[in-house]
Amino acid sequence: MAADAPPPPPDVPGPAAPGPSAQAVATPAPGIEVVGLRRAFGAVRALDGADLVARAGAVTALVGPNGSGKTTLLLVLAGLLVPDSGQVRVAGHDPVTDSAAARARTGWMPDAFGTWDSLTAREVLTTFADAYRVDRTRTAARVDELLATVHLSEYADQPAAVLSRGQKQRLGLARALVHDPQVLLLDEPASGLDPRSRVDLRILLRRLADEGRTVLVSSHVLSELDEMADDAVFLSRGRTVAGMSEADATAGRRTWHVRALSLRTLTDWLDASGVGYRPDGAGRPTDPDAAGGVLVDVDGETGAAALLRDAVTAGVPLVSSAPAAGALEQAYLALEEERR
Amino acid sequence: MTATTTTPTPAPATPAVATWTLTWHGVRTVAALELRQRVRSSRWKAALVVWAVVVGAITLLAGGVLALFSADTARPDDGGALLFAVVAALVLGLGLLVTPTLTSTAVNGDRAAGTLATLQVTLLSPAEIATGKLLAAWASACAFLVVSLPFFLVALAMGGVPVTTLPRVVVLTALLLAAVCGMGLGWSTLAARPAGSTVLTFVTVAALTVFTPIFFGLTYPFLSTTQEVQVYGVSDDYWAQQDEGIGSSTAEPTCELSVQERAVARTEWTWWLLAINPFGVVADGAVPPAALEGSANPVQTLRDLRLGTPEVQDECWVEEDTSHAVPPGAHGGPVWPFGLAVNLLLGAAGFVTAVRRLRIPQRTLARGTRVA
């Protein structure tokens with residue numbers, strides 16, 4: 001059995017090293033490394049050669065359509081499933097052969113978070129602190145701190161049954177953080193959260209990453225990931241189809257939505273300067289002199305800046321200009337992978 | 001967000017967590033979680049109250065009825081013994097009815113609720129999770145037993161039962177209920193759905209309590225043959241003379257060996273069916289050895305089944321001591337240690353199954369289930 005593995009050697013390199021977060025960011029030891037991961041459930045190949053590297057000190061988005069293997073990948077990383085083949089390292093430990101060491105360093109938040117209805121939020125967290133063998137003298141303070149972090153202090157002594165879905169989700173996040181893990185695996189963490197909580201979640205994940213932790217977030221709500229992720233990994237049919245870093249997002253060819261006070265002036269200028277454009281679908285063709293916008297493909301942000309400068313110089317009354325959709329969404333749609 | 005700063009501290013040396021690692025800390029954590037979850041539900045309190053009312057009503061009514069009848073007879077002690085047997089059977093029977101539900105959904109129910117996997121990824125070992133769940137369920141089962149104690153005392157007060165019987169009955173019942181908890185736990189890891197494991201646990205308990213006497217009864221005719229056996233008893237001649245008025249009516253009947261035709265059942269092949277029955281275990285184990293005398297006792301009948309047909313059947317009621325004609329050892333010893341061991345082994349098998357099926361990472365998943 002995997003759990004029979006000997007305790008890890010004390011000199012494990014990696015993000016576990018104590019020290020200021022700046023150091024961890026400067027030398028980003030991989031928090032999660034996955035190579036050629038395969039896992040089948042009967043005839044269904046949930047993972048079919050997935051590769052992934054999630055840096056410590058960064059938020060990595062795991063993107064893919066329903067059934068693309070996101071949850072299966074997270075289950076393998078959390079140490080719940082044995083892969084059929086492939087190598088996995090979580091915080092420097094193999095979750096199969098060195099299960100306990102990997103689990104001790106991993107905080108996992110499942111997509112379907114069940115809760116013990118009769119227990120209060122505080123009891124849930126205390127129980128998990130005990131289960132992770134957190135020093136009991138520190139448990140109470142740690143639990144209070146976590147409840148404050150996820151804004152559940154006022155519900156601390158209410159049974160979990162009265163919590164709303166979003167509140168339970170936040171409790172689930174606090175539960176995943178209770179043992180101060182170096183690697184965080186979050187499966188659809190923002191589902192059910194109100195806008196305020198989403199912003200809070202984004203800030204919290206950002207802070208956790210800045211502290212040198214590895215954060216892997218799965219979701220299919222791309223706009224949400226766009227705001228918090230540094231890197232992205234695209235999964236489709238159990239395979240990694242593309243990876244994207246922050247640099248790619250700013251440099252890649254993207255569609256921008258350009259809007260002017262007079263649509264006719266804008267299109268005339270675009271025609272004259274030979275820039276291709278598409279209608280944005282919102283304009284009313286009956287009144288071409290009215291304000292309106294078009295979609296333009298440009299090369300990264302430099303391309304966008306050049307286009308705007310030229311347009312303003314030419315006297316086009318520009319109102320706004322912005323990426324038409326999130327970087328992730330565009331990259332995702334560009335993959336043209338079908339759903340299943 | 002609040003301005004709390006939590007820098008990743010160097011992880012302390014990871015405690016070695018193997019499948020069979022068992023610490024009191026871990027077991028207590030799981031047991032406390034289970035008990036809190038259970039005790040706070042109002043169903044639980046209602047169940048205890050209903051239990052007390054049912055056992056109490058039957059005990060008091062049965063006690064009243066027995067008191068009424070035994071007032072006529074000269075032996076009030078029989079009433080006490082009977083009432084004690086009624087209470088013991090009732091508590092064991094209801095216990096066997098309630099206990100399967102305490103563990104039969106312990107694992108697959110948690111899996112369905114999405115709470116099992118989050119517990120498995122912690123540093124709790126599979127053995128700790130299984131032991132914690134077993135302990136919590138057993139403690140709940142024992143709570144029913146504790147609620148029944150006053151009624152045992154009522155029965156004891158009517159006399160006819162040695163006081164030492166009470167602890168024997170309580171301990172045996174508690175051990176049998178622990179075995180049932182273990183069986184339920186095992187089924188709850190084997191069956192994918194809570195309904196399936198509940199049915200399987202009830203079928204297992206029914207197999208032990210209901211099916212065993214049925215099989216014993218149904219196989220009895222097949223095991224019975226008419227054979228010539230040696231009988232030590234009053235001869236037929238004596239009765240014939242009595243009927244015809246030939247012999248003097250005051251003549252003492254005397255016993256002698258004779259060969260007669262008797263229906264003989266080879267119960268040495270099926271005695272274990274009754275011995276593993278929980279009711280058989282408690283009935284046999286309840287009576288202190290000192291209090292067991294004479295062969296007219298139903299418990300002794302149970303014990304003797306193991307021997308099948310004795311070489312010489314003792315049908316002589318005239319002589320106090322028949323050992324000169326009937327070979328000694330014709331009475332069987334207690335069978336409850338065997339029955340209890342079988343029950344506990346089944347429970348242990350369920351527990352071991354549960355621990356093995358709680359191990360992570362998992363290689364195989366039950367059809368139609370998700371890990372989380």
Side-chain angles (χ1 to χ4, degrees), chain A residues 1-4 6-8 10 15-18 20-21 24 41-42 71 75-76 78-82 95-96 99-101 103-106 108 110-119 123 127-128 130-133 145 148-149 159 172 175 177 179-182 200 203-204 207 211-213, chain B residues 1-21 23 25-26 28-30 32-41 44 110-126 128-129 132 356 359-365 367 370-372:
Chain A
M1 174 60 204
D4 294 328
S21 55
F41 297 102
T71 296
L75 289 177
V76 172
L80 282 162
L81 272 182
V82 180
V96 176
S99 178
R103 268 146 58 198
R105 292 162 176 79
T106 310
W108 172 63
D111 54 349
F113 173 62
T115 189
W116 292 263
D117 286 347
S118 302
L119 266 67
E123 284 170 341
T127 300
F128 274 90
D130 284 346
Y132 275 111
R133 296 185 159 76
E145 179 192 309
T149 304
R175 191 195 51 71
L177 289 170
H179 56 299
D180 208 6
Q182 294 155 31
D200 286 346
I203 296 168
L204 176 63
R207 197 190 80 204
E211 285 165 6
R213 294 173 219 267
Chain B
M1 279 291 152
T2 46
T4 50
T5 49
T6 48
T7 47
T9 45
T14 312
V17 181
T19 303
W20 290 98
T21 302
T23 64
H25 173 87
R28 189 187 50 194
T29 303
V30 179
L33 178 67
E34 293 280 314
L35 283 174
R36 269 184 187 149
Q37 175 76 354
R38 188 170 290 144
V39 167
R40 286 201 193 140
S41 73
W44 168 249
D110 272 12
R111 192 171 278 141
T115 51
L116 183 70
T118 47
L119 213 55
Q120 283 178 293
V121 297
T122 66
L123 294 176
L124 294 170
S125 73
E128 284 166 351
I129 296 177
R356 296 180 62 87
R359 287 183 303 185
I360 56 165
Q362 281 175 284
R363 222 164 272 280
T364 51
L365 295 182
R367 202 150 39 98
R370 286 171 69 105
V371 173

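Protein chains get the first letters and strands the later ones, always in sequence-line order, with residue 1 at the start of each. FYI, side chains are in, hydrogens and waters are out, and symmetry mates aren't considered; it's all heavy atoms of this structure.
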Criterion side-chain contact (heavy atoms from CB on, under 4.5 Å) on Leu119(B) and Phe128(A), from CA distance to verdict: CA-CA 8 Å; Leu119(B) 213 55; Phe128(A) 274 90; 3.9 Å; yes
Would a 4.5 Å heavy-atom cut-off, applied to side chains only, mark Arg175(A) and Thr115(A) as touching? no
Would you confirm whether His179(A), through its side chain, and Arg133(A), through its main-chain N or O, come within 3.5 Å as a donor-acceptor pair? no
Within the distance-only criterion (no hydrogens, no angle test), does the side chain of Arg103(A) pair as donor or acceptor with the backbone N or O of Gly79(A) below 3.5 angstrom? no
Sub-3.5 Å donor-acceptor pair from the side chain of Arg213(A) to the main-chain atoms of Pro181(A), do we have one? yes
Can you tell which part of Arg28(B) gets under 4.5 Å to a heavy atom of chain A, answering side chain, backbone, both or neither? side chain
Side chain, backbone, both or neither: which part of Thr23(B) has a heavy atom under 4.5 Å from chain A? side chain
Return the option, out of Thr29(B), Asp110(B), Val30(B), with the maximum number of heavy-atom pairs under 4.5 Å with chain A. Thr29(B)
Which of Glu128(B), Gln37(B), Arg38(B) touches chain A most, by non-hydrogen pairs under 4.5 Å: Gln37(B)
Greatest number of heavy atom pairs closer than 4.5 Å to chain A - which of Leu33(B), Ile129(B), Val39(B): Leu33(B)
